[in-house]
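Take a look at the structure set out below.
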Amino acid sequence: MSEHITVVDVGPVRTVRMNRPDKKNALTASMYDAMAAALESANSHADIRCVVIAGGPGAFSAGNDLAEFAQIAASGEGLALPVVRFLHALARSERPLVAAVQGLAVGVGTTMLLHCDHVVAGADARFSTPFVNLGLVPEAASSLLAPRLMGHRRAFELLVMGRPLDAAAAQACGLVNAVVPPDDVETAAMAAARHIAGLPPEAVAASRRLIRGSPDEIVARIDEEVRLFKQRLQSAEAQAAFDAFLNRKR
Ligand code: COA
């Protein structure tokens, strides 16, 4: 469905990989669709017991493709349906999610981690959510999940003030479980995924549901953010920020 997303099943572990290195894995509509489909179909494959979300060396993801944001803003529409489909698929995933993060994780590259059950990061990882700098608001239910995870003030610093977290800070605030040398990220993430996949699946699913609470609450917050995001995409603040990025001189 997208040349930039690969989906590989090895035994009970599915790996969904963002693979658009020339654009630092910035996510396009077709990439969101492919990732959503991979998460949705894992729910109906009993043999798949854990899903790993991975990027590549130096870049987990640079976030939403800003050229697509600029197009959406110009057309007067809201977030593309594939984005919303992916965010819902994250919230409603019935399989435990493990993330393998190397290098930069910007915007949804960071907020998707709030839906993951286990996150392994390289020592080179850097997490940032420049939503407000772009004239936007947080998405992916990060306005709900980040304060729950790290407390209001650290969530405000990340989501509103736009201050990045390095790997150690991300581990200190609970966004990341383990920090390892960048070359060891995938091995460590796969080891965690295989461990989870080896546990009794019904007990894992029931425990995960207890820990996460109702996905409906998370989906409701995603939809509320999406409504505000649509307004913000049309704002002069956002359009100026997209223009500045797309026309920057380097
Ligand atoms: N959307 C579209 N293209 C993007 C992108 C994005 N979010 N992030 C990076 N790219 C592209 C760059 O335009 C560049 O393309 P080009 O070589 O055709 O010009 C390529 O990816 C490499 O990026 P570059 O900026 O040269 O790499 P860098 O290491 O200097 O900086 C970032 C990396 C991620 C810090 C920087 O690209 C950036 O700030 N990107 C925007 C991140 C963002 O705001 N995301 C949305 C959050 S809501």
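Atoms within a ligand are numbered from 1 in the order they appear, just like the ligands themselves.
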(request) Determine, for Lys23 against Asp65, whether the closest basic-nitrogen to carboxylate-oxygen distance falls under 4.0 angstrom. (result) no
(message) I want to check something: taking the side chain as every heavy atom from C-beta on, are Thr187 and Met190 in contact at a cut-off of under 4.5 Å?
(response) no
(request) With sequence neighbours excluded, tell me which residues meet ring-ring contact (aromatic ring centres under 6.0 Å, His included) with Phe131. (result) none
(message) So if I apply the side chain to side chain contact (heavy atoms under 4.5 Å, CB included) rule between Leu90 and each of Ile222, Leu114, Leu39, which one comes out positive?
(response) Leu39
(request) Find out whether Arg208 and Leu97 are in side-chain contact, i.e. whether some heavy atom of one side chain is under 4.5 Å from a heavy atom of the other. (result) yes
(request) Output yes when a side-chain donor or acceptor of Arg232 lies under 3.5 Å from a complementary backbone atom of Gly135, and no otherwise. (result) yes
Check ligand 1 for N or O atoms under 3.5 Å from a protein N or O and list each pair with its distance.
from: ligand 1; atom 1: 1 (N); to: Leu66; atom 2: N; distance (Å): 2.8
from: ligand 1; atom 1: 7 (N); to: Ala62; atom 2: O; distance (Å): 3.3
from: ligand 1; atom 1: 7 (N); to: Asn64; atom 2: O; distance (Å): 3.0
from: ligand 1; atom 1: 13 (O); to: Arg248; atom 2: NH2; distance (Å): 3.3
from: ligand 1; atom 1: 15 (O); to: Lys23; atom 2: NZ; distance (Å): 3.3
from: ligand 1; atom 1: 18 (O); to: Lys23; atom 2: NZ; distance (Å): 2.6
from: ligand 1; atom 1: 19 (O); to: Arg250; atom 2: NH2; distance (Å): 2.5
from: ligand 1; atom 1: 25 (O); to: Arg248; atom 2: NH1; distance (Å): 3.1
from: ligand 1; atom 1: 25 (O); to: Arg248; atom 2: NH2; distance (Å): 2.9
from: ligand 1; atom 1: 26 (O); to: Arg250; atom 2: NH1; distance (Å): 2.6
from: ligand 1; atom 1: 29 (O); to: Lys24; atom 2: NZ; distance (Å): 3.2
from: ligand 1; atom 1: 45 (N); to: Ala62; atom 2: O; distance (Å): 2.9

